[in-house]
Amino acid sequence: ADKFLAKKTAKIFVDSHAILDFTSDQEKIDKSKFAILPYPIELTDPRELDLPKIKESLGLPLDAFVVGTIARFVEQKGLPYFIQAVSEILKKIDRKDVYFLMVGYGKMELDLRMIVDDLKINSRLFICPTRDIKEILPVFDIFVISSLWEGQPIAMLEAMASGRPVVATKAGGIPEILIDSKNGVLAEPKDPVSLAHAITRLLDDSELRNKVANEAKATAQNYSMPIYIKKLEQYFTDAYES
């Protein structure tokens, strides 16, 4: 069906070059048929949040420095590697204020909880049910994406838009958005040691945290709804005129 429809389609929109290459190779569709159109995100949220109350509801100390992620608990998100990275970090740092948080849902939840228990880190890493991302994001001091493959991670962009410093794996379309040490810190996929090192870099360096957070927020402006609409209109205009 994809091959048939592609012949009569002016442009096929994908969110990243990674998805373009994959789909073109998989479906044997010429790359000229594709156009990159990243998904839009909402940049502002006028709500005032009671962060101490939210932390309390998550079981976190009020003064906790929080590192974590919001994700579906599925293989793609590489969460066992994140948990292993947390274990590595806790062996090396001497900070009692650092806590780790995984918020989400999915079929791997029980397996993930068992890994946390086996590593004996359940007093510092909490797994919580999914909640409104706009409510939870301000709790994070560092946001982590441990994915094995991705197109354009919306949660990562929303974290960047909210001014969170981000650590992410070099998976799929992520390196098209994040530049290491500029607007985020990159790590190797399926590599808990690399992920632990990247997280520790931000833990240890407040100047780097502030720098990448500010750059990330500026980057996220390029994924706003007005810019998305403008790009979409231009593609339709170009298709009509041709």
Side-chain angles (χ1 to χ4, degrees), residues 2 6 9 11-43 68-82 85 102-104 106 133 137 140 142-192 194-195 197-199 201-202 212-232 234-235:
D2 288 338
T9 302
K11 285 294 177 186
I12 301 169
F13 295 123
V14 292
D15 60 22
S16 64
H17 288 283
I19 296 299
L20 187 159
D21 292 339
F22 174 82
T23 308
S24 175
D25 293 342
Q26 175 102 345
E27 305 297 338
K28 309 301 180 188
I29 299 171
D30 192 275
K31 291 184 179 181
S32 65
K33 279 284 187 178
F34 294 88
I36 305 293
L37 186 64
Y39 294 125
I41 59 168
E42 183 181 351
L43 296 180
T69 190
I70 300 171
R72 289 177 294 116
F73 298 157
V74 294
E75 180 188 2
Q76 175 193 356
K77 301 304 179 180
L79 296 171
Y81 299 99
F82 172 67
M102 292 167 50
V103 179
I133 189 171
L137 273 177
F140 290 99
I142 298 174
F143 193 83
V144 180
I145 297 286
S146 54
S147 297
L148 310 185
W149 66 90
E150 281 288 357
Q152 172 200 308
I154 296 296
M156 183 184 80
L157 284 167
E158 290 181 325
M160 293 168 68
S162 72
R164 305 301 98 187
V166 172
V167 171
T169 51
K170 301 173 186 176
I174 290 174
E176 298 173 34
I177 301 170
L178 281 191
I179 299 173
D180 188 52
S181 301
K182 181 180 179 183
N183 60 356
V185 176
L186 292 171
E188 297 297 330
K190 298 184 179 181
D191 188 338
S194 175
L195 191 58
H197 175 71
I199 294 169
R201 282 183 63 196
L202 288 184
V212 300
N214 291 332
E215 289 285 350
K217 197 165 186 177
T219 299
Q221 301 297 317
N222 297 322
Y223 297 85
S224 67
M225 182 62 76
I227 289 179
Y228 173 85
I229 292 172
K230 186 175 180 180
K231 288 180 178 178
L232 187 61
Q234 189 60 53
Y235 279 126

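Nothing here was measured: the structure is a model prediction, and the numbers come from that model.
Separating the CE atom in Met102 from the OG1 atom in Thr69 is a distance of 7.5 Å, to the nearest 0.5 Å. Separation of atoms CG (Leu232) and CE (Met225) is listed at 10.0 Å; rounding is to 0.5 Å. Going from atom CG of Leu186 over to atom CD1 of Ile145 covers 11.5 Å, rounded to the nearest 0.5 Å. Here Phe140 contributes atom CZ and Arg164 contributes atom CZ; the two are 10.0 Å apart, rounded to the nearest 0.5 Å. In this structure, CD1 on Ile12 lies 10.0 Å from CG on Asp30, to the nearest 0.5 angstrom. Expressed to the nearest 0.5 Å, how far CD of Glu150 lies from CD1 of Ile154 amounts to 9.5 Å.
A donor-acceptor contact shorter than 3.5 Å links the side chain of Lys33 to the backbone of Thr9. In this structure a side-chain-to-backbone donor-acceptor pair under 3.5 Å is missing from Ser24 to Leu20. Listed for the Lys182 side chain is no donor-acceptor partner under 3.5 Å among the backbone atoms of Ala216. Counting only distance, with no hydrogens or angles, the side chain of Ser162 and the backbone of Leu137 share no donor-acceptor pair below 3.5 Å.
The minimum heavy-atom distance linking Tyr81 with Leu195 is given by the pair O-CD2, 4.1 Å. For the pair Val103 and Phe73, the tightest heavy-atom approach, listed with the atom from each and the gap, is C-CZ, 4.0 Å. Ala159 approaches Val166 most closely through the heavy-atom pair CB-CG2, 4.2 Å. The minimum heavy-atom distance between Arg72 and Leu79, with the atom names listed, is O-CD1, 3.8 Å. Scanning both residues, Ala168 and Ile174, for their nearest heavy atoms gives CB-CG2, 3.8 Å. In this structure, Ser146 and Lys77 approach most closely via the heavy-atom pair OG-O, 2.7 Å.
Considering only heavy atoms from C-beta on, Phe34 stays 4.5 Å or farther from Phe13 through its side chain. The shortest side-chain heavy-atom distance between Met160 and Met156 falls under the 4.5 Å cut-off. Within the 4.5 Å cutoff, no side-chain heavy atoms of Val185 are placed close to those of Ile199. Here the side chains of Ser16 and Ile19 are in contact, with some heavy-atom distance below 4.5 Å. In this structure, Phe143 and Ile70 have side chains that are in contact, with non-hydrogen atoms separated by less than 4.5 Å. Between His197 and Ser194 there is no side-chain heavy-atom pair separated by less than 4.5 Å. By the 4.5 Å heavy-atom criterion applied to side chains, Gln76 and Leu148 are not counted as neighbours. Inter-residue side-chain proximity for Ile177 and Tyr223 is flagged as met; some heavy-atom pair is nearer than 4.5 Å.
Of the residues Asn214, Leu178, Val212, the one that meets the side-chain contact (heavy atoms from CB on, under 4.5 Å) test with Asn183 is Leu178. Screening Asp21, Asp25, Thr23 against Lys31 for a side chain to side chain donor-acceptor pair (under 3.5 Å) leaves a single residue, Asp21.
Around NZ of Lys217, the count of heavy atoms belonging to other residues, nucleotides or ligands within 6.0 Å does not exceed 12.
Considering only residues two or more places apart in sequence or on other chains, Asn222 meets the side-chain hydrogen bond (donor to acceptor under 3.5 Å, both in side chains) condition with none of them.
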One pair to check against side chain to side chain contact (heavy atoms under 4.5 Å, CB included): Ile36 and His17. What are the steps and the verdict?
CA-CA 7 Å; Ile36 305 293; His17 288 283; 3.9 Å; yes
Determine, stepwise, if the pair Leu202 / Val167 fulfils side chain to side chain contact (heavy atoms under 4.5 Å, CB included).
CA-CA 8 Å; Leu202 288 184; Val167 171; 3.5 Å; yes
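Salt-bridge check for Lys170 with Asp180: failed, with every basic side-chain N at 4.0 Å or more from each acidic carboxylate O.
Using a 3.5 Å distance cut-off with no hydrogens or angles, the side chains of Ser224 and Gln221 do not pair a donor with an acceptor.
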